[in-house]
Amino acid sequence: MVHAVAMAQGKKRPAVPPPDGGWGWMIVAGCFLVTVCTRAVTRCISIFFVEFQMYFGADCSGTAWIHSLVDCTTMLCAPLGSFIGNRLSCRIAVILGGFLSSIGLVLSSFATSLEYLYLTLGVLTGIGFALCYTPAIAMVGSYFCERKALAYGIAMSGSGIGTFILAPVVQMLIEHYSWRGALLILGGVVANLCVCGALLRPITLKEEEEAHGPVPLDTECGYGVKAPVVSMLEESLAINNNNNNSHRCFCFQSMQEYCFLLMPEFLMLAVSFLFLASGCSLPFVYLVPYALDVGVSHHQAAFLMSILGVIDIVGNITFGWLVDRRCLKKYRIVCYMITVGMEGLCCLFIPLLRTFTLLVPFSVFYGYFDGAYVALIPVVTSDIVGTHNLSSALGIVYFLHAIPYLLSPPIGGWLVDTTGTYTATFFLSGFALISSSLVISTVTGIRHCRRTQKHRNKNKNIDPKQELCRSDFYTASSKDVNPSVNTANS
């Protein structure tokens with residue numbers, strides 16, 4: 001019966017612990033290249049900011065819509081990437097996304113107006129990036145458990161190293177081939193996403209292990225792998241053979257995939273992501289224009305983006321390695337909260353930095369903390385919702401970034417046009433990031449209260465099946481599972 005239910009719920013749920021290596025490192029390499037071709041390219045669009053503004057004679061607010069539309073569409077369509085990855089495969093989603101984003105950049109090189117760029121560079125390229133980004137990130141979580149933070153740190157460092165390499169290259173391409181030639185060449189570079197998609201091989205199921213009860217405990221990860229719990233509704237789905245059976249199964253599966261939306265800590269985490277997205281994109285859009293405004297040369301301004309990118313790599317990898325240490329694993333959310341808060345403080349000080357020499361330390365500190373929190377987003381999300389729900393949760397998480405990504409750059413541009421300086425824009429960024437950090441502290445409090453309540457329920461011999469939305473294949477720890485449940489499953 002358990003086997004029939006597992007088959008009814010879909011064939012993509014892993015029945016064995018993550019391998020923590022092997023082909024998983026090729027998945028990390030594929031995700032690394034995906035972040036290079038998506039997030040790094042998106043960051044480098046800010047280098048085109050002044051070129052677009054001068055060519056089309058637009059103000060800061062109108063030109064900023066290009067960058068905001070790319071970010072917004074990428075995040076707004078993130079659930080679409082998760083849906084295609086879950087229903088078809090991550091490989092198909094990434095290959096399709098690579099094709100669409102490459103076409104979008106090539107068509108942008110023929111732009112005759114800002115509105116044309118809104119459609120091709122903003123919408124079409126953004127949709128392609130969305131189909132690539134979420135499925136690639138979710139695949140890393142499927143292959144790693146013990147070294148998950150390190151794997152994500154390496155994979156997400158593609159954003160930093162891509163920015164470091166592409167920023168001066170894009171500036172050189174603009175000087176030699178104009179912005180049109182640079183966009184055309186970037187379209188060819190982004191076409192490599194199709195190759196990245198070919199690396200994303202799904203984990204092979206061992207269905208016989210699903211059919212014969214629990215899989216042995218993975219002691220290194222601290223995760224127990226158990227057979228799915230069969231409820232009355234699941235049994236009826238497995239037995240019922242009428243014409244409505246497949247429809248019911250699909251609806252039940254969809255409910256199971258998004259049950260984490262009822263978790264209080266995930267809801268608070270979602271609020272913090274709204275503040276985070278409102279502030280984190282502004283420095284990437286306005287750092288180069290601000291540097292040019294205070295008298296920094298074009299090459300030095302582009303070099304600031306390179307510095308930010310390379311330090312971003314250091315933040316990705318070092319923080320990923322640190323939070324995998326046994327002493328810090330319990331405090332991943334606290335580490336995430338600190339990195340976001342420090343990034344906000346950096347933004348508050350940037351109006352005081354008016355030379356290239358002073359802007360270099362800003363790029364160093366902001367890049368480090370940015371890389372640290374980016375690597376921790378999927379890790380923290382996985383800790384809250386569980387590995388099985390990670391793909392769907394990341395779709396929602398990145399979806400929440402969409403509206404702030406869409407609105408904050410134009411609002412920042414409007415503040416520049418209104419005040420004549422960039423001070424208010426960077427203050428807006430700093431306060432938004434600090435607010436996100438404060439909301440995360442609420443999540444930490446909720447998790448502490450839930451652990452306390454769970455401990456009390458355990459002492460009262462309350463059946464852990466009453467715990468909402470946490471009964472996936474991976475339980476928190478063998479020490480936290482009531483022994484009576486293991487007896488029932490076996």
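The analysis underlying the following values was restricted to heavy atoms, covering all of them including side chains, and did not include hydrogens, waters or symmetry mates.
Side-chain contact between Val94 and Leu131 is absent, with no heavy-atom pair separated by less than 4.5 Å. Looking at Leu394 and Pro378, their side chains come closer than 4.5 Å, going by heavy atoms from C-beta outward. Side-chain contact between Phe399 and Leu76: present, with at least one pair of heavy atoms (C-beta onward) separated by less than 4.5 Å. Counting only heavy atoms from C-beta outward, the side chains of Trp65 and Pro409 never approach each other to under 4.5 Å. Between Ile307 and Val360, some side-chain heavy-atom pair lies under the 4.5 Å cut-off. Considering only heavy atoms from C-beta on, Val314 comes within 4.5 Å of Tyr368 through its side chain. No side-chain heavy atom of Leu124 sits under 4.5 Å from any side-chain heavy atom of Ile127. Contact of the Ile311 side chain with the Ser363 side chain is not registered, since no non-hydrogen atoms from C-beta on lie closer than 4.5 Å.
In this structure, CZ in Phe49 is found 5.0 Å from OG1 in Thr63, a value given to the nearest 0.5 Å. Note that SG of Cys347 and CE of Met342 are 11.5 Å apart. Values are rounded to the nearest 0.5 Å. With rounding to the nearest 0.5 Å, the separation of CZ in Phe273 from SG in Cys280 is 10.5 Å. Taking SG of Cys44 as the start and CE of Met305 as the end, the distance is 6.0 Å to the nearest 0.5 Å. The CD atom of Gln300 sits 9.5 Å away from atom OG1 of Thr355, with the distance rounded to the nearest 0.5 Å. Interatomic distance, OH of Tyr133 versus CE of Met75, reported as 5.5 Å (0.5 Å rounding).
Counted by atom type alone, Tyr55 and Arg180 present one or more donor-acceptor pairs between their side chains at under 3.5 Å. No side-chain N or O of Tyr116 forms a donor-acceptor pair with one of Ser108 less than 3.5 Å apart. Donor-acceptor pairing under 3.5 Å is lacking for the side chains of Gln171 and His176.
No donor-acceptor pair closer than 3.5 Å links the side chain of Tyr373 to the backbone N or O of Ile338. At distances below 3.5 Å, at least one donor-acceptor pair connects side-chain atoms of Asp59 with backbone N or O atoms of Gly62. Distance alone, capped at 3.5 Å, is enough to place a donor-acceptor pair between the Ser408 side chain and the Pro404 backbone. Panel note: side chain Ser109, backbone Val106; a donor-acceptor pair is recorded below 3.5 Å. No donor-acceptor pair closer than 3.5 Å links the side chain of Ser272 to the backbone N or O of Ile440. Although no hydrogens or angles enter the test, the distance criterion places no donor-acceptor pair under 3.5 Å between the side chain of Asp71 and the main chain of Ser68. Proximity of a side-chain donor or acceptor of Thr418 to a complementary backbone N or O of Trp414 within less than 3.5 Å is detected. Not a single donor-acceptor pair under 3.5 Å links the side chain of Thr125 to the backbone N or O of Gly122. Remark: side-chain polar atoms of Ser101 are not paired, donor with acceptor, to backbone N or O of Phe129 under 3.5 angstrom. Counting only distance, with no hydrogens or angles, the side chain of Tyr118 and the backbone of Ser113 share no donor-acceptor pair below 3.5 Å.
Residue Phe369 comes nearest to Cys346 through the heavy atom pair CD1-SG, 4.4 Å, listed as atom of the first residue, atom of the second, then distance. The shortest non-hydrogen separation linking Gly412 to Tyr286 is C-OH, 3.6 Å. Heavy-atom minimum distance, Thr339 versus Ala372: CG2-CB, 3.6 Å. Closest approach of Arg91 and Gly197 over heavy atoms only: CG-O, 3.1 Å. When all heavy atoms of Leu199 and Ile27 are compared, the pair lying nearest together is O-CD1, 3.5 Å. When all heavy atoms of Val416 and Thr425 are compared, the closest pair comes out as CG2-OG1, 3.4 Å.
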| task | Walk me through it: do Leu304 and Val288 pass the test side-chain contact (heavy atoms from CB on, under 4.5 Å)? | result | CA-CA 8 Å; Leu304 288 174; Val288 172; over 6 Å; no
side-chain contact (heavy atoms from CB on, under 4.5 Å) for Phe303 and His299? Distances and angles first, verdict last. CA-CA 6 Å; Phe303 188 61; His299 285 285; over 6 Å; no
* Apply side-chain contact (heavy atoms from CB on, under 4.5 Å) to Leu184 and Tyr177, showing your working. => CA-CA 10 Å; Leu184 186 62; Tyr177 304 106; over 6 Å; no
Subject >> Audit row: Leu121, Phe48, side-chain contact (heavy atoms from CB on, under 4.5 Å) steps and yes/no >> reply: CA-CA 12 Å; Leu121 185 56; Phe48 292 91; over 6 Å; no
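Within 6.0 Å of the CZ atom in Phe99, the count of heavy atoms belonging to other residues, nucleotides or ligands does not exceed 12. Enclosure of atom CZ in Phe356 by more than 12 non-hydrogen atoms of other residues, nucleotides or ligands within 6.0 angstrom is indicated. Within a 6.0 Å radius of CZ in Phe275, other residues, nucleotides and ligands contribute 12 heavy atoms or fewer. By the 6.0 Å contact criterion, CZ on Phe365 is open, its count of non-hydrogen atoms from other residues, nucleotides or ligands being 12 or less.
Ion pair Asp370/Arg43 flagged as a salt bridge, since at least one NZ, NE, NH1 or NH2 atom sits closer than 4.0 Å to an Asp/Glu carboxylate oxygen. Ion pairing between a basic and an acidic side chain is recognised when a charged N comes within 4.0 Å of a carboxylate O; Asp312 and Arg39 show no such pairing.
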